[in-house]
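Lettering of chains follows the sequences in order, A, B, ..., and the numbering in each one begins at 1. Predicted, not measured: the structure shown is a model, and the values here were computed from it.
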Amino acid sequence: MKLQNKVAIVTGASRGIGKVIAICLASEGAKLICLDLNDCDNTVKEIEEAGGTAISLKGNVTKLDEMEKIAQEVIDKFERIDILVNNAGVTRDGLLLTMPEEDFRLVVETNLFGTFNCTKAVAQQMMFQKSGRIINISSVASTKGGRGQTNYAASKAGINGFTRSAAVELASKKVTVNAIAPGVIETEMSQEVVRRAKDIVMDMIPLKRLGNPNDIANMVLFLASDEAAYITGQILYVDGGFRG
Amino acid sequence: MEEKEIYEGVKEAIVEALGVEDDEVEAGSSLFDDLGAESLDLLDIVFRIEKTFGIKIPRGGLQEEILSSEGVKEEDVVVDGALTALGAEKLREKMPEVDAEKLQEGFRTDDLPTLFTVQTFVNIAKMEIEKK
């Protein structure tokens, strides 16, 4: 077991990539805190049925004070926090000229401020422990952009910059900070893109298939493991060679 | 609380934060020069001291906190981020534990933490404990 007795928080763990990441980390022995706006009972049930340990906590990543309370709750219960996966994210695609300000704000607040809030909430504990893994879920859109995704691409580009800077700040305390930039992954969130332009998307992927959440979870597992101790401040693309 | 007790708590925080040996830490040890601290380590030490003594140490300019307790205006002691002659004099009086040679007019207040010694943290903790 690569993560025996490690304590991991995964945000946005009720479904999609977050759920698969949580199940994957738990299968390697991590105790999971599944955090989401909605309850994560299904995720917790799957983990427990497989013999793992998990709890579901409801919280809004856009609220720093909520995240700080949750971090304290986790420390009180498990006495440490080893891994944080900042996965919670939303999309509100729309053309720039017609995008309501609130759609831009919501996406940036959830994806980028959410990453800041959760990281800030756990960083002190990881500093005390002199160990920790922070793994942010970015996107190929962070560097390639995407039609109708000014809000999403901006939030994910922000995550890349945040990742590099936080990695430098926390390195002396042996806390690593990395980001994974998935390409087009088959989830509920990407269904619409795939429905509209599957052929175009496929032409951009040399490996000629969409990614699946396990492709991302496997990279999260690697970054969370001891094998990745010397990797920090990196943006790792898991995108089938995407040429956007 | 006795100063000795505060010193022991501060020393423990420093040993844990910096991963140094207990016998390397003395009241006069400079955090940066003698114990190899970096800027993040100071925050680590502050957090640990707060936890140990149940106090809150003000962020963002310990020097302002120290100087404001002297009853002088900030603009008389710090100009464009550097100490005035009066500011340097006040800080030398207030912080006799730091290297007075370095604490002169023109010294950048941002660099003040590089002069901190173990005793500086004992004094800060003591000040906050007394406020409590």
Tell me, yes or no, whether the heavy-atom count around [X] atom [atom1], taken from other residues, nucleotides or ligands under 6.0 Å, exceeds 12.
X: R15(A); atom1: CZ; value: no
X: K11(B); atom1: NZ; value: yes
X: Q4(A); atom1: CD; value: yes
X: F78(A); atom1: CZ; value: yes

Item to complete: Enter the distance from D44(B):CG to K173(A):NZ here, rounded to the nearest 0.5 Å.
Response: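 Answer rounded to 0.5 Å: 3.5 Å.
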Practice prompt. Working to the nearest 0.5 Å, report the span between CZ of F128(A) and NZ of K51(B).
Written response: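 NZ of K51(B) is found 5.0 Å from CZ of F128(A).
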Fill in: For K130(A) against L18(B), the heavy-atom pair lying closest together
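Where K130(A) meets L18(B) most closely, the heavy atoms are NZ-N, 4.5 Å.
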Worksheet item: Looking at side-chain heavy atoms only, is the closest gap between L43(B) and Q124(A) below 4.5 Å?
Response: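 SC-SC contact between L43(B) and Q124(A) ruled out.
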